[in-house]
Amino acid sequence: MKYVFIILASLLVLSQSANSYVGINTNEVLNYNGVAPFVDLFRSAEPFKGNGVTFDKDGWPIQLNGGQASTYFLKWFSIDAIPAGHYIVKYKGSGTLVYSGGGVEVVSSSPGRDVIRFVADANYNEIIAKLTITKMDALRPIRNIQITHSGGICQNNPFEIVTSSASCGGSIYLPFEKHASRILFNPDYLKFLKGFKTIRFMNLSGILRNPISSWSQRPRMTDATWGGEEGERGAPLEVMIRLANQLNADAWFNIPFAADDNYIWSHTHMVKEKLNPHLKAYVEYT
């Protein structure tokens, strides 16, 4: 793996001898920007909020204390940006989930699993979808919420959404509901990115106006959500590396301006360990 260090970059148009190729920036992890990078829509939700609610280190509510914990997982989001059909909400623990915002209809509900469908605003064709935990068993608090389309992929083709094993021609069918963490990326997102040879992760990493300095402050795989306000959102480095590997694209990483030496060492070590060795790692101090 080769490392190329870059101080400042704008347009990702790179060249290697006579062979030119084009890269692209990722978008931020947001619930309103019309990009759904993950098969689990809850990955892009805002962090839970609630007056008096006690949260754990990952952002999951553990005590409601008479209050409620709420998050918008889609906000002013074009309904055309996600596949049509039913979506499955799964969660661990025991309690009550209530959907509001006008963009969600509950099709069916059972402990730990709801089936919903999205309804767009008639004027703007957009979805506003809010999820609220109104009641919760203190001994079995709600966590690990997942919101996925009812379809899936064929194991040999992560770029196409299918609805059943009949579409897989002998390949293994992987429904999103059961394999969201294994699949991770929205097939439509992968399909759009697969033509680019370099992926720049500044926005996906969430480091814009983000003052984090230590490795312990980085986004983690166990975080309840990766969305939020500027300065608090961002996908983990593991996700960025995995995307580059899956696309077989060179990876353009961004280091926060306040990062200490241990952050930079730890970041570089993870990239060296996990990025496919034939891919380049561009590192930009931002």
Side-chain angles (χ1 to χ4, degrees), residues 29-32 36 38-77 79 82-121 126-152 175-184 186 219-229 232-236:
V29 183
L30 293 168
N31 57 3
Y32 61 81
F38 309 113
V39 297
D40 178 3
L41 295 179
F42 200 75
R43 296 288 81 218
S44 300
E46 299 173 4
F48 277 106
K49 295 180 175 62
N51 291 332
V53 177
T54 303
F55 298 93
D56 68 12
K57 62 182 178 61
D58 295 323
W60 294 109
I62 53 176
Q63 294 282 349
L64 292 180
N65 302 316
Q68 299 180 343
S70 299
T71 176
Y72 285 94
F73 60 94
L74 293 176
K75 185 187 288 185
W76 313 306
F77 196 94
I79 197 169
I82 55 176
H86 289 170
Y87 283 75
I88 299 164
V89 182
K90 293 179 64 175
Y91 57 92
K92 301 293 186 182
S94 178
T96 302
L97 301 185
V98 173
Y99 307 92
S100 58
V104 182
E105 288 185 356
V106 178
V107 178
S108 65
S109 183
S110 58
R113 186 180 188 272
D114 295 335
V115 178
I116 62 174
R117 74 182 191 94
F118 295 118
V119 181
D121 174 90
E126 294 174 341
I127 307 166
I128 298 178
K130 184 179 183 180
L131 182 154
T132 302
I133 301 174
T134 60
K135 296 179 182 179
M136 193 169 66
D137 185 336
L139 298 179
R140 297 181 59 234
I142 289 177
R143 60 194 306 106
N144 298 347
I145 296 173
Q146 170 188 295
I147 303 174
T148 56
H149 185 263
S150 56
F176 296 135
E177 177 184 2
K178 295 182 179 180
H179 300 281
S181 60
R182 174 180 176 181
I183 299 169
L184 188 57
N186 176 357
R220 294 166 301 159
M221 296 297 292
T222 56
D223 289 343
T225 74
W226 298 329
E229 299 296 325
E232 67 178 7
R233 59 183 172 244

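Every heavy atom of this structure was used, including side-chain atoms; hydrogens, water molecules and symmetry mates were not. Residue indices begin at 1 and follow the sequence shown.
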Rounded distance (nearest 0.5 Å) linking atom CD1 of Ile82 with atom CG of Asn186:
9.5 Å
Measure the spacing between CG of Leu131 and CG of Leu74 and express it to the nearest 0.5 Å.
11.0 Å
Compare every heavy atom of [Y] with every heavy atom of [X], then report the nearest pair and how far apart it is.
X	Y	answer
Val53	Pro61	CG1-CB, 3.8 Å
Ile62	Met136	C-CE, 3.8 Å
Ala129	Val104	CB-CG2, 3.4 Å
Ala180	Val39	O-CG2, 3.7 Å
Leu64	Ile133	CD1-O, 4.0 Å
Ile142	Thr96	CD1-N, 4.0 Å

Got a sec, which residues hit side-chain contact (heavy atoms from CB on, under 4.5 Å) with [X], two or more places apart in sequence or on another chain?
X	value
Ile128	Tyr72, Trp76
Ala138	Gln63
Arg113	Ile88, Lys90, Ser110, Val115, Glu177

Quick one: list whatever passes ring pair (Phe, Tyr, Trp, His ring centres under 6.0 Å) with Tyr87, sequence neighbours left out.
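Here the qualifying residues are Phe118, His149.
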Once ring pair (Phe, Tyr, Trp, His ring centres under 6.0 Å) is applied, do any residues pair with Phe42, and if so which ones, sequence neighbours excluded?
Phe48
Residues which pass side-chain hydrogen bond (donor to acceptor under 3.5 Å, both in side chains) with [X], listed by chain and number, not counting sequence neighbours:
X	result
Arg117	Glu105
Thr54	Asn65
Asp114	Tyr99, Ser109
Glu46	Asn31, Lys75

Could you tell me whether the side chain of [Y] reaches within less than 4.5 Å of the side chain of [X], counting heavy atoms only?
X	Y	value
Asp56	Arg143	yes
Leu30	Arg233	yes
Pro141	Trp60	no

Report all side-chain donor-acceptor pairs from residues 219-227 shorter than 3.5 Å, counting only partners two or more places apart or in another chain.
unit_1 : atom_1 : unit_2 : atom_2 : d
Arg220 : NE     : Asp223 : OD1    : 3.4
Arg220 : NH2    : Lys57  : O      : 3.0
Arg220 : NH2    : Asp58  : OD1    : 3.2
Arg220 : NH2    : Asp223 : OD1    : 3.2
Thr222 : OG1    : Asp58  : OD1    : 3.2
Asp223 : OD2    : Arg220 : N      : 2.9
Thr225 : OG1    : Ala45  : O      : 3.1
Trp226 : NE1    : Arg220 : O      : 3.1

Can you list every side-chain hydrogen bond (donor to acceptor under 3.5 Å, both in side chains) pair that touches residues 129-138, not counting sequence neighbours?
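Listed once each, the pairs are Ser70-Thr132.
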Does Phe55, at its CZ atom, have more than 12 non-hydrogen atoms belonging to other residues, nucleotides or ligands within less than 6.0 Å?
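Count over threshold, so yes.
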Would Val119 and Ile127 satisfy side-chain contact (heavy atoms from CB on, under 4.5 Å), going step by step from the backbone distance to the final call?
CA-CA 7 Å; Val119 181; Ile127 307 166; over 6 Å; no
Suppose the criterion is salt bridge (charged side-chain N to carboxylate O under 4.0 Å, His left out): which pairs have a residue in residues 91-100, not counting sequence neighbours?
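Sorted pair list comes back empty.
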